[in-house]
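What you see is a predicted model, and the numbers here were worked out from it, not measured in a lab. Counting starts at 1 for both ligands and their atoms, following the listed order. Residue indices begin at 1 and follow the sequence shown.
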Amino acid sequence: MLQATHQNDQRTEQRTGGRLIVDCLLANGVDTVFCVPGESYLTVLDALYDVPDKVRIIVGRHEASVANMAEAYGKLTGKPGICFVTRGPGATHASIAVHTAQQDSTPMILFIGQVSRNQVGREAFQELDYAKLFGGTTKMVAEIVDAARVPEILGRAFHTAVNGRPGPVVISLPEDMQDDLCDAQPTAHYQRAATAPSATALDTFRQMLASAQRPLLIVGGGGWSQQAVDGLRAFAEGATLPVANGFRRQDLFNNTHPHYVGDIGIATNPALIEMLQSADLLIALGERLGDMTSAGYTLLDLPRTKQKLVQINAGAELLGTLYEGDLLINASPEGFLEAVAELSDAGSADRAAWIAKGRQNYEEFSIPPTENHPKVDVAAIVRELSERLPGNATITNGAGLYTYFVHRYYQYRDYGSQLAPTSGAMGYGVPAAIAAKVVHPDRPAVCFAGDGCFMMAAQELATAVMHKLPIVVIVIDNSCYGSIRGHQERYYPGRVVATDLVSPDFVAFAESFGAYGERIEATENFGPALERALASGLPAVLTFRQHIGEVVKLGKPEGAVLDEAIA
Ligand SMILES: Cc1ncc(C[n+]2csc(CCOP(=O)(O)OP(=O)(O)O)c2C)c(N)n1
């Protein structure tokens, strides 16, 4: 390892590569970074030391978590989430979030310390080839071997992360490069390249819209913004369209709006599937209609759907490449919705009835069952939470059977009210809630987690306590990896293996971090417990038991919940 020799050379106004990296971050509007420190990027850390009022550092306990935080930050703000980790072990830990950023189309830049340039290729201590490691999960990987090229490469990183289909970028920072002095100046702030439909495409779209009797607008993907979400609402109202949200993109259209007909993801409402299949026009805006939004590519015919299909995506590589589509439009949600703002079709009586039927089906489906309640009823708790929290609260989750209840019974209202990985990554919810609290300190951030999911990121309670970020975590404790257990019940009855768990006492566990903890013994105790948790001003864990019988029931064929993979 090299000895750090320089700060900056004041006489020549030269800067070290490390300082130039931080100056470029500042020039690109970065005010928050997530990290676990490492000796491979000490010079960058030292440059951050000088800008405490400009850059907030959220230091966490595991690279998977801080990288998930950065990913969630990118999802919430549309700005690249910035994460710093150390070489090999840090990078491999962080890789889960890079994969999520890819699947979720989230702008993110992961910076990784690297061995010195003169050691590359020797399998030096913790050395890794990041181009190979991240080649399949990123939009760009670069190693900066010349400090003078920091501005150029960071400029490319920011533009690559946000433009086209947003996604992750990895930048490797050889340790000695960070100490080199150079004359280069930081780049200007990155720009978003505007994308919009052509006049011809708009014309065709208008005609298709006008002749559709049973259209369905399906929204999803990345690159959304408040402006786009406002535009979506105006468009759906003006053009008389029902709106369905893709898997884990339920916050793009207010679930209480009369045009909202539900989400297509895990255990989709059969009536919505019927609506999808009997539609005569599908408009997929940002949504790539992938594995989870098509029930494993079974809901729509491949490659040609029997419904007319309009695909709108910022990523040209997603157009016509899975489904052929009748009209392909290369535009971001914002660019498309701006262009169609004036385009309205009053709609026929038939279309209003089509929407009303879809809405009624959604409403019936999203009301928790009124009988056969367990003592603590997850569905009722989710619905109560939905009713108690303001629309701008952020609800987060990872993967597990429990997410079925959250997605079905919570009514997401405002943009940014859902942070959930379409990659199906466990351990996402806690760091995502922390990121939500960082971005919106004045809004509640509530994480749902199974006992399995929680324990993949539970150490970040310490991060929440240290940074005074009062998230609420609701742990559904069923002493098993429930979703996998459910699959076993269904496909390998009587052969339960490797899915039982023995978890700690979650209340005592929370308290040991200095967080608030409370156990809920009956459904009706949930509301007051939530109020106490929120009033405590501390990070909080509320937990309750879910009987194994519930899990088994949901796994059985007649339970129907596990018809599709629970991710
Ligand atoms: C990182 C990761 N590891 C493993 C899986 C596979 N997996 C999906 S759900 C699940 C079980 C989740 O258990 P828990 O969090 O307790 O929730 P439950 O299913 O019991 O509601 C597992 C192991 C995954 N999706 N992500």
Closest to atom 23 (C) of ligand 1 by heavy-atom distance, out of M426, M456, R485, H487, is M426
Nearest non-hydrogen contact with atom 18 (P) of ligand 1 belongs to which option: G427, S423, G482, A498?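 It is G482 whose heavy atom sits nearest to atom 18 (P) of ligand 1.
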For the 3.5 Å polar cut-off, considering only N or O atoms, please tell me whether [X] and ligand 1 meet it.
{"X": "Q546", "value": "no"}
{"X": "Y481", "value": "no"}
{"X": "I96", "value": "no"}
{"X": "F454", "value": "no"}
{"X": "G452", "value": "yes"}
{"X": "I484", "value": "no"}

With atoms numbered from 1 as shown, which atoms in ligand 1 lie under 4.0 angstrom from a non-hydrogen atom of [X]?
{"X": "C453", "result": "14 (P), 15 (O)"}
{"X": "A399", "result": "12 (C), 15 (O), 25 (N)"}
{"X": "C480", "result": "16 (O), 20 (O)"}
{"X": "N478", "result": "18 (P), 20 (O), 21 (O)"}
{"X": "G450", "result": "14 (P), 15 (O), 16 (O), 17 (O)"}

F544 ring center near F526 ring center (under 6.0 Å):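 Distance test on ring centres: not under 6.0 Å, no.
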Looking at F111 versus F84, is the centre-to-centre ring distance below 6.0 Å? yes
Tell me whether the rings of H407 and Y412 are parallel (<30°), tilted (30 to 60°) or perpendicular (>60°).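 H407 and Y412: tilted rings.
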Distance-only donor-acceptor check, side chains S105 and R165, under 3.5 Å: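 There is such a pair between these side chains.
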Determine, for F365 and R408, whether the Lys NZ or Arg CZ falls below 6.0 Å from the six-membered ring centre while staying within 45 degrees of the axis. yes
Result for side chain to side chain contact (heavy atoms under 4.5 Å, CB included) between L128 and one of V115, T92, I112 points to T92
Qualifying residue, where the test is side chain to side chain contact (heavy atoms under 4.5 Å, CB included) with V378 and the options are V376, I381, V382: V382
Does ligand 1 have any atom sitting under 4.0 Å from a heavy atom of D451? yes
Quick test of your reading of the model: are R532 and E518 salt-bridged, counting only N-O distances below 4.0 Å? yes
